[in-house]
Amino acid sequence: MELGSTVVAVRSERVLLGDRVRPAVIVVKDGKIHQILSDSDFSGGEVLDVGDSVVMPGIVDCHVHVNEPGRVSWEGFWTATRAAAAGGVTTIVDMPLNSIPPTTTVGHFQEKLLEATGKCFVDTAFWGGVIPGNQLELRPMIQAGVAGFKCFLIHSGVEEFPHVTERDLHAAMTQLQGTASVLLFHAEKDVHINIISKPLPAPPDPCQYSTFLQSRPDVMEIEAIRTVTELCLQYQVRCHIVHLSSAGPLELIQQARRAGAPLTVETTHHYLSLCAEDIPVGATQFKCCPPIRGSANQEQLWSALKAGQIDMVVSDHSPCTPDLKKLDNGDFTEAWGGISSLQFGLPLFWSSASKRGFQLSDVARLLSRETAQLSGLDSHKGSLAPGHDADLVVWDPEREFEIKEASIHHKNKLTPYLGVTLRGVVCATIVRGQLVYREGSFCPKPLGKLLLIPPRRSQVQL
């Protein structure tokens, strides 16, 4: 079957349907899943037979920094969505930064849509941004089709996307009340830390990862999330914590949920896969914010994920040009904070999760269904069900591969995962019934759609 062609039916010995894996044929019509049949009930016709490869809902990665327009040397829609397709990701949701301009007005959103047109190999939706003073742009952006909004409680790393104060948040959340939209928080706050210790004989070494880690302690996340939970309860606006790195705030989050806060939380593949203890001197490709923490904290995140206290897992793909990583001097305090991993989320997660008793159904729930729901896409993305988009990933969860630079499709190849061996090889990716990727090759032209999210009716009683 040629790349770019329309798939009529997919047959596999291992199709994930709900919590069960069983033989089935997925029949596709007009880009949607038309029927899911047993092999004996399938009347025949052209079929893509993938043998015993697993067929699952395509991954929905709702935390991706594409950086176009304005910083296309960092990434761009063409390269990001090709990397996504190679990783079994059928939908991404682009963050409002680090593009120039950021997606903080309707005009800027329209500019981003224009830039993305004709460049996406997978379907692409968009978050808007909340910055000081743009609260009157929020409802128009909802009408224009953004999936929701992202804000920072600490410096974002780029000047054009300033962080918000509590006063800004009250103004924004007043506008968001009753809209059923969602506000995403980069949840770190600058806090005054009293450290009583003997004078240091010399300044801490900026090339040691511990120097950077100590500059972003757990309390920064705890205090930020304390603020989020209070506002969420006060306004009953849907709130979401992005890239939780510390297990410290988990009890705060649980308390708020029990009290009725419409609050969700994600963590990322790097917090589940990488440990502070293993980061070499000067290896700034490991820097991100909040930081990768210790192995004991990581195991607490896995336990929370298993217990349902963390709702989903995303990439937080945040690339930059190699010079910004300061590899020449290995200075963690100067390097850009962000990790590139969009292409490898599925095998990264499975390589660790499969050792901890997670099942394929957990993968689909945490990487597809919950992320689609957060983004307002769950009516047609994130599940294998008749009427949903025929977005499928075909993969071999037993097969291993090594990440090599030549196989990386992100624009900039620098990643902490170079040379790592993972379990789970993506064989093919199907977007709305179209074969966009197979065994290292792509469809000749982009087939992804730009997704505008219809305004949702509020489920929260004010």
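Only a predicted model underlies this, so the values are computations on that prediction, with no experimental measurement involved.
The nearest pair of heavy atoms linking Thr264 to His240 is OG1-ND1, 2.7 Å. Here the closest non-hydrogen pair linking Val425 and Phe401 is CG2-CD2, 3.7 Å. The two atoms that bring Thr211 and Asp205 nearest to each other are OG1-O, 2.6 Å, heavy atoms only. Among all heavy-atom pairs drawn from Thr117 and Leu113, the shortest one is OG1-O, 2.7 Å. Summarising the geometry of Ala261 relative to Leu233, their closest heavy-atom pair is N-CD2, 3.5 Å, with the distance given to 0.1 Å. The heavy-atom pair separating Gly118 from Trp78 by the smallest distance is O-CZ3, 4.3 Å.
In this structure, Arg20 places its CZ atom where only 12 or fewer heavy-atom neighbours from other residues, nucleotides or ligands lie under 6.0 Å away. Dense packing is recorded around CG of Asp278, with more than 12 heavy atoms of other residues, nucleotides or ligands lying under 6.0 Å away.
Rounding to the nearest 0.5 angstrom, the gap separating the CZ atom in Phe344 from the OG atom in Ser273 is 12.5 Å. Here Ile310 contributes atom CD1 and Thr267 contributes atom OG1; the two are 5.0 Å apart, rounded to the nearest 0.5 Å. Between atom CD of residue Glu223 and atom CG of residue Leu153 there is a gap of 11.5 Å, rounded to the nearest 0.5 Å.
With respect to the salt-bridge test (charged N to carboxylate O, under 4.0 angstrom), the residues Glu115 and Lys112 do not qualify.
Within the structure, salt bridge (charged side-chain N to carboxylate O under 4.0 Å, His left out) contacts touching residues 285-296 (residues at least two apart or in different chains) are Asp218-Arg293, Glu221-Arg293. Among residue pairs with one or both ends in residues 371-385, those qualifying as salt bridge (charged side-chain N to carboxylate O under 4.0 Å, His left out) are Asp123-Lys381, Lys381-Asp389, Lys381-Asp391; sequence neighbours excluded. Counting only residues at least two apart or in different chains, side chain to side chain donor-acceptor pair (under 3.5 Å) contacts with residues 319-328 comprise Thr321-Asp323.
Looking at heavy atoms from C-beta onward, Thr81 lies out of side-chain contact with Pro446 at the 4.5 angstrom threshold. Two residues are said to be in side-chain contact when any heavy atoms from C-beta on lie closer than 4.5 Å; Leu324 and Trp74 meet this criterion. Looking at Tyr209 and Val281, their side chains never come closer than 4.5 Å, going by heavy atoms from C-beta outward.
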Where do Glu400 and Arg423 land on the side chain to side chain contact (heavy atoms under 4.5 Å, CB included) test, with the steps shown first?
-> CA-CA 4 Å; Glu400 295 188 343; Arg423 287 184 72 208; 3.6 Å; yes
Given Ile100 and Val158, is the side chain to side chain contact (heavy atoms under 4.5 Å, CB included) satisfied, shown in steps?
-> CA-CA 10 Å; Ile100 301 173; Val158 293; over 6 Å; no
Evaluate side chain to side chain contact (heavy atoms under 4.5 Å, CB included) for Tyr235 paired with Leu176, printing each intermediate quantity in order.
-> CA-CA 9 Å; Tyr235 285 95; Leu176 293 176; over 6 Å; no
Assess whether side chain to side chain contact (heavy atoms under 4.5 Å, CB included) is satisfied between Asp316 and Cys288, documenting all intermediate values.
-> CA-CA 10 Å; Asp316 185 16; Cys288 58; 5.8 Å; no
Which is it for Arg257 and Gln254 under the side chain to side chain donor-acceptor pair (under 3.5 Å) test, yes or no, and what are the steps along the way?
-> CA-CA 5 Å; Arg257 285 168 154 174; Gln254 288 304 102; 3.1 Å; yes
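Met173 pairs in a side chain to side chain contact (heavy atoms under 4.5 Å, CB included) with only one of the listed residues (Leu138, Leu231, Val130), which is Leu231. No option in His410, His63, His409 other than His410 meets the ring-ring contact (aromatic ring centres under 6.0 Å, His included) test with His317.
Not one N or O on the side chain of Asp311 forms a donor-acceptor pair closer than 3.5 Å with the backbone of Glu266. Proximity of a side-chain donor or acceptor of Asn98 to a complementary backbone N or O of His65 within less than 3.5 Å is not detected. Not a single donor-acceptor pair under 3.5 Å links the side chain of Gln236 to the backbone N or O of Pro262. Under the 3.5 Å distance criterion, the side-chain polar atoms of Thr284 are left unmatched by any main-chain donor or acceptor of Gly330. Using a distance-only test at 3.5 Å, with no hydrogens or angles considered, a donor-acceptor pair links the side chain of Lys411 to the main chain of Val72. Judged by distance alone, the side chain of Gln298 and the main-chain N or O of Leu272 form a donor-acceptor pair under 3.5 Å. Within the 3.5 Å criterion, the main-chain N or O of Glu75 finds no donor-acceptor partner in the side chain of Thr79.
The side-chain contact (heavy atoms from CB on, under 4.5 Å) search around Ile453 returns Ala125, Ala147, Leu377, not counting sequence neighbours. Among residues two or more places apart in sequence or in another chain, the side-chain contact (heavy atoms from CB on, under 4.5 Å) test is passed with Arg365 by Asp362, Arg369, Glu370. Glu405 pairs by the side-chain contact (heavy atoms from CB on, under 4.5 Å) definition with Lys413, Leu418, not counting sequence neighbours.
In this structure, the ring of His186 has its center less than 6.0 angstrom from the ring center of Phe152. Aromatic pair His270/Phe286: ring centres not closer than 6.0 Å.
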